[in-house]
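Just follow the structure's listing: the first ligand is 1, and inside any ligand the first atom is 1.
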Amino acid sequence: MKIAEFGVETWLNVWEKKATYDISQSTIASMTMNELLNLDGQGGASFYKLLDQQKMNYGWIEGSPEFKHEVAKLYQHVEPDNILQTNGATGANHLALYALVEPGDHVISEYPSYQQLYDIPKSLGADVDYWHIHEEDQWYPDLAELKKLIRPNTKLICLNNANNPTGTVLSTDLLRQVVKIAKQVGAYVLVDEVYLPLDHPEAFTSIADLYDRGIATNSLSKTYSVPGIRVGWTATNHELADLFRKYRDYTMICCGVFNDLLAVYILRNRDKVLARNRELVLNNLKIYQDWIDSEPRASVVMPQAVSTSFPKLTVPEDIEQFCIRLLKEKGVLLVPGNRFDVPGHVRLGYCAPEKTLREGLKRLSEFLRQYD
Ligand SMILES: Cc1ncc(COP(=O)(O)O)c(C=O)c1O
């Protein structure tokens, strides 16, 4: 089976450990174990109490009942039984695509977005059409274009809400329109929902609550700041969960007892994690906006309290070469836009720790002055 290289991952694999000021990542500043254990106000006693007596066997294969219960609370219409734990959202996307896509199927994917959503279907033999997002429309895709792309044999529409790299959140209204179009041909709609807009999380609508054939994938990596735990999930109807179970047994077995327990602990302390992250995102957004306002070589469609952004940089140089030189000379890491097939832009993760963000932006501006 052939598959394209994963543009962002191959970039990060080479460069991320060399960065002093990493403002390329899309996670909200990751938490230390110490921070996590302090969430319960008892130094993690509630977590250790559970951990202490646990056998390190395979544990609950699909995720513990407690995990499924906590995750189901994030949705209005998803039964705990229909939540399947996966190895991150990467594992969730892979599971759904592997289970659903067959050679010759027609798949429509929001583009650019998370590369799994188009290159895995292609590798499985699907005929993939891109549903483009447009910078001049606040990085929104156009429904009229979707109507032109849809076919009687469209099996699946893949979206990334909010979008990586732009940080644009799709409105409930737009999602309803997508569902209407998908319904006409019986297509599934998979939405990778790892980025939650933290200014108004309650206003976010999951595809799992909008459409019976909707598949929501998510994880604790971005909104919850613990990518190291490698825990994600799929949230679907019963029929899809059963289908996914079949494929899941071949690819992962489980996420591990320790990770499951920590995931439950984090989800039970969700309000505190979201409050920490809301403050960080809103504070950093201001710093970022001030920088954009003062930097003549940068412009951006501002993300909606989501931890990724895609500014345009005016540099008379190949964007990847620019990013490599920026890293080597200033210690600052970005992801060049060509890794999303949009050169001229960079992914800028403004939800790094505040000090890193401030110094990273300062150094980026110093570097940009060479062209004045
Ligand atoms: C849209 C999207 N989905 C999934 C992932 C990977 O998430 P996880 O760490 O949960 O596998 C990323 C990471 O950048 C992402 O941007």
Side-chain angles (χ1 to χ4, degrees), residues 6-13 15-16 22-31 63 67 71 74 83-98 109-121 131 133 139 141 157-170 189-197 204 206-207 215-235 248 251-252 255-256 259-260 262-263 266-267 273 277 281 303-304 306-310 333-337 339-340 342 346-352:
F6 203 128
V8 177
E9 297 307 319
T10 50
W11 169 262
L12 291 175
N13 293 349
W15 299 113
E16 71 183 342
D22 186 349
I23 52 171
S24 73
Q25 306 287 340
S26 58
T27 289
I28 304 172
S30 300
M31 282 201 254
F67 174 81
V71 173
L74 307 178
I83 304 290
L84 298 179
Q85 196 176 69
T86 57
N87 181 231
T90 318
N93 290 334
H94 177 256
L95 175 63
L97 295 168
Y98 179 47
S109 297
E110 181 183 344
Y111 181 85
S113 67
Y114 199 55
Q115 197 176 333
Q116 275 193 309
L117 302 178
Y118 26 95
D119 274 316
I120 293 184
W131 189 27
I133 55 172
W139 291 117
I157 299 173
C158 297
L159 307 177
N160 181 199
N161 190 26
N163 177 277
N164 177 7
T166 66
T168 292
V169 181
L170 300 174
V189 179
L190 184 163
V191 186
D192 177 328
E193 298 175 351
V194 291
Y195 301 103
L196 182 70
F204 181 84
S206 171
I207 195 69
I215 301 149
T217 58
N218 206 332
S219 77
L220 297 178
S221 294
K222 309 294 173 184
T223 304
Y224 298 89
S225 298
V226 263
I229 192 175
R230 306 309 305 136
V231 170
W233 61 87
T234 54
R248 195 180 168 284
T251 52
M252 65 166 293
C255 281
N259 294 346
D260 181 87
L262 191 55
I266 292 163
L267 288 164
V273 177
N277 285 355
V281 171
Q304 191 197 322
V306 159
S307 57
T308 170
S309 75
F310 205 45
L333 185 66
L334 298 167
V335 179
R339 297 285 170 154
F340 295 92
V342 190
V346 291
R347 186 176 79 182
L348 197 153
Y350 67 94
C351 295

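Annotation: side chain of Q116 is in contact with side chain of T90 (closest heavy-atom distance under 4.5 Å). Here the side chains of I120 and N93 are not in contact, with every heavy-atom distance at 4.5 Å or above. You'll find the side chain of S221 stays beyond 4.5 Å of the side chain of V194, heavy atoms only. L170 is listed as a side-chain neighbour of P141, based on a closest heavy-atom distance under 4.5 Å. The shortest side-chain heavy-atom distance between Y224 and M31 does not fall under the 4.5 Å cut-off.
With Y111 as the fixed residue, the ring pair (Phe, Tyr, Trp, His ring centres under 6.0 Å) test singles out one of W139, Y118, F340: Y118.
With G91, S221, A92 as candidates, the residue nearest to atom 9 (O) of ligand 1 on a non-hydrogen basis is S221.
Contact atoms of ligand 1 toward N164: 14 (O), 15 (C), 16 (O) (distance under 4.0 Å to a heavy atom of the residue). Near V194, with a cut-off below 4.0 Å to any heavy atom, the atoms of ligand 1 are 1 (C), 2 (C), 3 (N), 15 (C). For ligand 1, the atoms closer than 4.0 angstrom to any heavy atom of N160 are 1 (C). Each of the atoms 14 (O) of ligand 1 lies under 4.0 Å from some heavy atom of S26. Close approach to G88 involves these atoms of ligand 1, each under 4.0 Å from a residue heavy atom: 10 (O), 11 (O). Counting atoms of ligand 1 from 1 in the listed order, those under 4.0 Å from a heavy atom of Y195 are 1 (C), 14 (O), 15 (C), 16 (O).
With respect to atom 3 (N) of ligand 1, the closest heavy atom belonging to the protein is D192 OD2, 2.5 Å. In this structure, atom 14 (O) of ligand 1 lies nearest to the protein heavy atom K222 NZ, 2.9 Å.
At least one heavy atom of R230 sits closer than 4.0 Å to an atom of ligand 1. Between Q116 and ligand 1 there is no heavy-atom distance shorter than 4.0 Å.
Relative ring orientation between H94 and Y98 is described as parallel, the plane-to-plane angle staying below 30° on a 0-90° scale split at 30° and 60°.
Distances between N or O atoms of P227 and those of ligand 1 include no value under 3.5 Å.
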- Determine, step by step, whether F204 and Y195 satisfy the ring-ring contact (aromatic ring centres under 6.0 Å, His included) criterion, reporting the C-alpha distance in whole Å, the side-chain angles of both residues, the deciding distance to 0.1 Å, and the verdict. CA-CA 10 Å; F204 181 84; Y195 301 103; over 10 Å; no

- side chain to side chain donor-acceptor pair (under 3.5 Å) assessment of Q25 paired with E16: CA-CA 9 Å; Q25 306 287 340; E16 71 183 342; 2.8 Å; yes

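Residue T90 touches ligand 1 through backbone and side chain together, judged by heavy-atom distances below 4.0 Å.
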